[in-house]
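Below is one structure, written out as structure tokens, with a few remarks after it.
For the numbers below, each heavy atom of this structure counts, side chains included, while hydrogens, waters and symmetry mates do not.
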Amino acid sequence: MYWIIFISIALASWIVQANLTSKFKKYSKIPVDGGLTGRDIAMKMLRDNGIYDVQVKSTQGSLTDHYNPANKTVNLSEDVYNTCSVAAAAVAAHECGHAVQHAHAYGPLKMRSRLVPVISFASGWMSWILLIGMLTLQVFPQIMLLGIILFALTTLFSFITLPVEIDASRRAVKWLSEAGITNNRNYGAAVSALRSAAYTYVVAALGSLATLCYYVMIYLGRRD
């Protein structure tokens with residue numbers, strides 16, 4: 001039963017990721033009005049929201065875009081930073097959406113930020129603890145329980161991430177429309193790109209939950 005669930009989630013993850021890559025490749029060929037690059041979009045959205053203490057930087061890699069609340073930087077991949085396209089605009093606005101969340105003390109983002117040190121610790125140790133726990137389950141079940149608790153924290157983090165990412169996309173789409181960056185033709189493309197990105201977080205959260213349930217069943221002695 002669990003193998004069917006895991007295979008289904010893995011397949012869904014592959015489909016969602018392939019769809020995301022395809023859409024961003026497609027929308028990277030559609031320019032936005034005004035010739036604004038991802039950097040220009042990010043700078044304008046930050047200023048329009050009264051944010052002047054956040055820097056916009058270029059980072060290496062593809063789809064490595066992120067907002068760092070620790071040093072207040074919007075980090076855009078090279079393809080987004082230097083490109084004028086609907087995809088670049090959508091990504092840049094989404095990451096700035098996180099900066100706006102930070103500036104407005106958005107609850108789920110604050111909660112996620114507080115969990116980051118705990119999750120870093122849990123992610124570094126839970127695999128080893130779970131492995132040892134499964135090998136010594138009959139003798140020291142407490143080790144397995146500790147591993148499950150650590151894994152549960154990472155699962156919780158995945159679900160807290162969902163409203164954070166969805167809200168950032170909502171802010172991005174709203175601003176892109178109000179600022180006149182997207183017209184009737186490419187507005188739908190921006191929405192589609194951000195929705196596809198959001199699906200990756202949904203699949204990741206469900207996959208984490210399924211794995212957590214599997215470990216719990218092992219702990220309870222129901223391996224099949």
Side-chain angles (χ1 to χ4, degrees), residues 9-49 51 54-69 73-102 106 108-109 112 158 161-207:
I9 291 176
L11 180 60
S13 178
W14 180 82
I15 292 174
V16 167
Q17 190 62 46
N19 182 55
L20 175 63
T21 302
S22 175
K23 284 191 175 181
F24 270 86
K25 183 178 180 179
K26 175 182 178 181
Y27 299 148
S28 292
K29 299 177 182 179
I30 304 176
V32 294
D33 296 338
L36 300 177
T37 63
R39 177 188 179 279
D40 299 329
I41 295 291
M43 293 295 294
K44 179 172 175 54
M45 182 171 175
L46 291 172
R47 299 299 178 264
D48 285 356
N49 282 275
I51 300 174
V54 173
Q55 291 183 301
V56 180
K57 296 184 176 181
S58 176
T59 185
Q60 294 182 338
S62 178
L63 296 179
T64 52
D65 313 87
H66 65 281
Y67 170 67
N68 188 339
T73 57
V74 170
N75 300 274
L76 303 178
S77 58
E78 295 171 347
D79 290 342
V80 171
Y81 189 89
N82 298 308
T83 303
C84 168
S85 70
V86 171
V91 171
H94 173 86
E95 298 308 332
C96 287
H98 290 309
V100 176
Q101 290 174 337
H102 191 192
Y106 181 61
L109 179 64
R112 188 177 73 168
S158 295
T161 295
L162 291 180
V164 174
E165 297 299 329
I166 292 172
D167 179 75
S169 291
R170 180 189 63 80
R171 295 174 189 266
V173 169
K174 184 173 182 291
W175 177 81
L176 286 170
S177 177
E178 293 177 346
I181 305 300
T182 54
N183 53 37
N184 292 333
R185 178 174 60 87
N186 54 32
Y187 174 80
V191 172
S192 178
L194 292 174
R195 184 181 293 123
S196 295
Y199 288 154
T200 63
Y201 293 98
V202 173
V203 172
L206 293 177

Exercise for review: Applying side chain to side chain contact (heavy atoms under 4.5 Å, CB included) between C84 and each of I30, V32, I41, report the one that passes.
Suggested key: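 Of the listed options, the one satisfying the test is V32.
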Exercise for review: Identify which one of L206, T161, I166 satisfies the side chain to side chain contact (heavy atoms under 4.5 Å, CB included) criterion when paired with Y201.
Suggested key: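 Answer after filtering L206, T161, I166: T161.
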May I ask you to decide if [Y]'s main-chain N or O and [X]'s side chain share a donor-acceptor pair within less than 3.5 Å?
{"X": "S28", "Y": "F24", "result": "yes"}
{"X": "T21", "Y": "Q17", "result": "yes"}
{"X": "Q101", "Y": "V164", "result": "yes"}

Atom pair [atom1] ([X]) and [atom2] ([Y]), whose distance is rounded to the nearest 0.5 Å:
{"X": "L194", "Y": "E165", "atom1": "CG", "atom2": "CD", "answer": "10.5 Å"}
{"X": "R112", "Y": "L162", "atom1": "CZ", "atom2": "CG", "answer": "10.0 Å"}
{"X": "C96", "Y": "R47", "atom1": "SG", "atom2": "CZ", "answer": "9.5 Å"}

Looking only at heavy atoms, which two atoms of [X] and [Y] are closest? And how far apart?
{"X": "A93", "Y": "M45", "answer": "O-SD, 3.4 Å"}
{"X": "A42", "Y": "L76", "answer": "CB-CD1, 4.2 Å"}
{"X": "Y27", "Y": "S192", "answer": "OH-OG, 3.4 Å"}
{"X": "V86", "Y": "A190", "answer": "CG1-N, 3.7 Å"}
{"X": "V74", "Y": "Y67", "answer": "CG2-CD1, 3.8 Å"}
{"X": "G38", "Y": "A92", "answer": "O-CB, 3.3 Å"}

Review point. Would K44 and D40 count as a salt bridge (charged side-chain N to carboxylate O under 4.0 Å, His left out) if you check the C-alpha gap in whole Å, the side-chain angles of each, and the deciding distance to 0.1 Å?
Key: CA-CA 6 Å; K44 179 172 175 54; D40 299 329; over 6 Å; no
Review point. So V56 and Y81, side-chain contact (heavy atoms from CB on, under 4.5 Å) or not? Walk me through it.
Key: CA-CA 9 Å; V56 180; Y81 189 89; 4.1 Å; yes
**Study point:** Any donor-acceptor N or O pair under 3.5 Å, side chains S77, D79
**Key:**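 The criterion, which ignores hydrogens and geometry beyond distance, is not satisfied for D79 and S77.
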Exercise for review: Please test V16 against S196 for side-chain contact (heavy atoms from CB on, under 4.5 Å), starting from the C-alpha separation and ending with a verdict.
Suggested key: CA-CA 7 Å; V16 167; S196 295; over 6 Å; no
